[in-house]
Amino acid sequence: MTAQQPLTYDAFVALAAADPAVVGLVLKGSRAHEGTATRHSDHDLYVVLADDAPTGLTRFAGHRSAELDLVVVSLTDFRAAGMPGFERYALARARVVLDRLDGEITRILAAKAHLTADEAARDAATRLDAYVNSVYRSLKNDRDGQSLPARLDAADSVGHLLDLLFTLDRRPRPYNKYLAWELARHPLPGWDTDTLLDTVGRITATGEVTVQRGLFAQVETAARRAGHGEVLDAWGEDLELMRPWTRRR
C-alpha cells in the first residue's frame with residue numbers, strides 16, 4: 001500500500017485469510033470490547049502463523065497506523081503471549097476473527113482467561129501483601145499529617161487491590177480502561193460492582209481514611225476465607241491501624 005492508500009483492516013483481513021500460512025486472526029483492544037470503541041480507536045490484530053510456514057506476511061510485522069496495528073507471531077509464540085505478561089487480559093477478552101485449527105485458537109484464548117490454581121495461590125499472596133503495605137503506609141502517613149504521601153499510597157493500594165481481587169477469582173486484571181466494562185459483564189463474586197467502583201474512585205480521589213478502613217475489612221474477610229490469613233497475620237499489631245474501629249481489639 002502507498003502512503004496515499006494506507007492498509008485498512010478489512011483489506012488486510014482479506015489478504016491474510018487468503019494466505020494458507022495464517023492459522024488465526026485475533027482482534028483485541030477497544031474493537032473487541034463492545035461499546036468501548038471511539039472514532040480514535042484502531043484495530044489491534046494478532047496474525048497467527050503456522051510454525052515455520054513460509055509467508056510474505058512477515059513484512060507486515062510491527063505495522064502500526066491510525067487504522068491498524070499488527071502483531072505477526074508463530075503459533076508457538078501466540079500460545080506463550082501474555083503467559084505471564086501485560087497482554088494476558090487483552091488476549092483473554094479478544095475476539096477470534098479467523099480460526100483454521102478447529103477451535104484451537106479459541107481454546108488458547110480461553111486458557112489465558114483463567115489462572116491456574118497454582119498461579120492464583122502464588123500471586124494472591126504477593127498481591128495481598130502489596131495491598132496491605134500500601135494501605136498501612138497511607139494510614140500511617142495520614143496519622144502523621146503527611147497528606148500527599150497518604151493520598152499517593154492510597155492510590156497505589158487500589159492497583160494492588162484490583163490485582164488481588166481478580167487473582168482470587170482466577171482471572172487476569174483488566175486494564176483500567178475496561179474495568180467497568182469487565183465488572184458489568186463478569187462481576188467479582190461477593191462484591192457489588194457499583195459499590196466497589198465507587199469505593200475505589202473515592203480512595204483514588206481523596207485517600208479518605210474511613211473508606212480505606214471499611215474496604216480493608218472486606219478484603220481481610222475475603223483473603224482469610226481464601227486461605228491467606230498467614231499473610232495478614234504476619235503484619236501483627238499493625239493490622240489494628242488498618243481496621244475500622246469496630247474490628248479493632
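Quick caveat: nothing in here was measured; it's all calculated off a predicted structure. What you see below is based on every heavy atom in this structure, not just the backbone, and it leaves out hydrogens, waters and symmetry mates.
For Asp44, the salt bridge (charged side-chain N to carboxylate O under 4.0 Å, His left out) test picks out no residue, with sequence neighbours left out. Judged as a side-chain contact (heavy atoms from CB on, under 4.5 Å), and not counting sequence neighbours, Pro20 has no contacts. Scored by the side chain to side chain donor-acceptor pair (under 3.5 Å) test, Arg137 finds Asn133 as partners (sequence neighbours excluded). For Thr55, the side-chain contact (heavy atoms from CB on, under 4.5 Å) test picks out Asp19, Ala21, Leu49, Leu57, Thr58, with sequence neighbours left out. Legend: residues meeting side-chain contact (heavy atoms from CB on, under 4.5 Å) with Ala92, ordered by chain and number and at least two apart, are Ala113, Pro172. Taking Asp42 as the reference, nothing meets the side chain to side chain donor-acceptor pair (under 3.5 Å) condition, with sequence neighbours excluded. Checked against salt bridge (charged side-chain N to carboxylate O under 4.0 Å, His left out), Arg185 has no partners two or more places apart in sequence or in another chain. Contacts of Asp69 classified as salt bridge (charged side-chain N to carboxylate O under 4.0 Å, His left out), with partners at least two apart in sequence or in another chain: Arg64.
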Less than 3.5 Å apart, which donor and acceptor atoms pair up between the side chains of residues 22-29 and the rest of the protein, not counting sequence neighbours?
none

Would you be so kind as to tabulate the donor-acceptor pairs closer than 3.5 Å made by side chains of residues 72-86, with sequence neighbours excluded?
from  : atom 1 : to     : atom 2 : distance (Å)
Ser74 : OG     : Asp77  : N      : 3.1
Ser74 : OG     : Asp77  : OD2    : 3.4
Thr76 : OG1    : Asp51  : OD1    : 3.3
Thr76 : OG1    : Asp51  : OD2    : 2.6
Arg79 : NH1    : Glu104 : OE2    : 2.8
Arg79 : NH2    : Glu104 : OE2    : 3.3

Without placing hydrogens or testing angles, list every side-chain donor-acceptor pair under 3.5 Å for residues 114-124, not counting sequence neighbours.
from   : atom 1 : to     : atom 2 : distance (Å)
Thr116 : OG1    : Glu119 : N      : 3.1
Thr116 : OG1    : Glu119 : OE1    : 3.4
Glu119 : OE1    : Thr116 : N      : 2.9
Glu119 : OE2    : Arg88  : NH1    : 2.8

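Of the possible donor and acceptor atoms, none in the side chain of Asp153 sits under 3.5 Å from a partner among the backbone N and O of Asn141. In terms of modelled atom types and a separation under 3.5 Å, the side chain of Thr195 and the main chain of Trp191 share no donor-acceptor contact. Panel note: side chain Thr36, backbone Ser30; a donor-acceptor pair is recorded below 3.5 Å. With hydrogens and angles disregarded, a donor-acceptor distance shorter than 3.5 Å links the side chain of Asp99 to the backbone of Ile105. Proximity of a side-chain donor or acceptor of Arg173 to a complementary backbone N or O of Gly159 within less than 3.5 Å is detected. At distances below 3.5 Å, not a single donor-acceptor pair connects side-chain atoms of Arg143 with backbone N or O atoms of Leu241. The backbone N or O of Val200 sits less than 3.5 Å from a side-chain atom of Thr204, completing a donor-acceptor pair.
Side-chain contact between Leu165 and Tyr131 is absent, with no heavy-atom pair separated by less than 4.5 Å. Tyr9 is not listed as a side-chain neighbour of Arg31, based on a closest heavy-atom distance of 4.5 Å or more. Between Arg93 and Trp181, some side-chain heavy-atom pair lies under the 4.5 Å cut-off. At a threshold of 4.5 Å between non-hydrogen side-chain atoms, the residues Leu164 and His160 do not count as touching. Side-chain contact between Leu109 and Val96 is present, with at least one heavy-atom pair separated by less than 4.5 Å. Residues Gln212 and Ser157 form a side-chain contact, since some pair of their non-hydrogen atoms from C-beta on lies under 4.5 Å apart. Residues Phe216 and Glu220 form a side-chain contact, since some pair of their non-hydrogen atoms from C-beta on lies under 4.5 Å apart. With a 4.5 Å cut-off on side-chain heavy atoms, Ile108 and Leu91 do not count as touching.
The nearest pair of heavy atoms linking Ala32 to Ala94 is CB-CA, 4.3 Å.
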Verdict with reasoning, Phe12 to Leu68, per side-chain contact (heavy atoms from CB on, under 4.5 Å): CA-CA 9 Å; Phe12 182 82; Leu68 181 64; 3.8 Å; yes
- prompt: Which is it for Val132 and Val231 under the side-chain contact (heavy atoms from CB on, under 4.5 Å) test, yes or no, and what are the steps along the way?
  reply: CA-CA 9 Å; Val132 176; Val231 174; 5.8 Å; no
task: Give the intermediate values and the outcome of salt bridge (Lys or Arg N to Asp or Glu O under 4.0 Å) for residues Arg107 and Asp102.
output: CA-CA 10 Å; Arg107 288 189 288 272; Asp102 297 323; over 6 Å; no
task: List the steps, then state whether side-chain contact (heavy atoms from CB on, under 4.5 Å) holds for Ser41 with Thr38.
output: CA-CA 5 Å; Ser41 299; Thr38 72; 3.5 Å; yes
task: Report the C-alpha distance between Thr126 and Asp163 in whole Å, list the side-chain angles of each, state the deciding distance to 0.1 Å, and finish with yes or no for side-chain contact (heavy atoms from CB on, under 4.5 Å).
output: CA-CA 10 Å; Thr126 300; Asp163 284 338; over 6 Å; no
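Dense packing is recorded around CG of Asp144, with more than 12 heavy atoms of other residues, nucleotides or ligands lying under 6.0 Å away.
Residues Ile203 and Leu183 fall within the same hydrophobic cluster, defined by Ile, Leu, Val, Met, Phe, Trp and Tyr side chains chained together at heavy-atom separations under 4.5 Å.
Legend: ring pair (Phe, Tyr, Trp, His ring centres under 6.0 Å) pairs involving residues 89-111, not counting sequence neighbours, sorted by first then second residue: His33-Tyr89, Tyr89-Tyr175.
Here Leu239 contributes atom CG and Met242 contributes atom CE; the two are 4.5 Å apart, rounded to the nearest 0.5 Å. Note that CG of Leu128 is 10.5 Å distant from OG1 of Thr167, once rounded to the nearest 0.5 Å. Between the CD atom in Glu182 and the CG atom in Leu188 there is a gap of 8.0 Å [rounded to 0.5 Å]. Interatomic distance, His228 NE2 to Asp129 CG, rounded to the nearest 0.5 Å: 11.5 Å.
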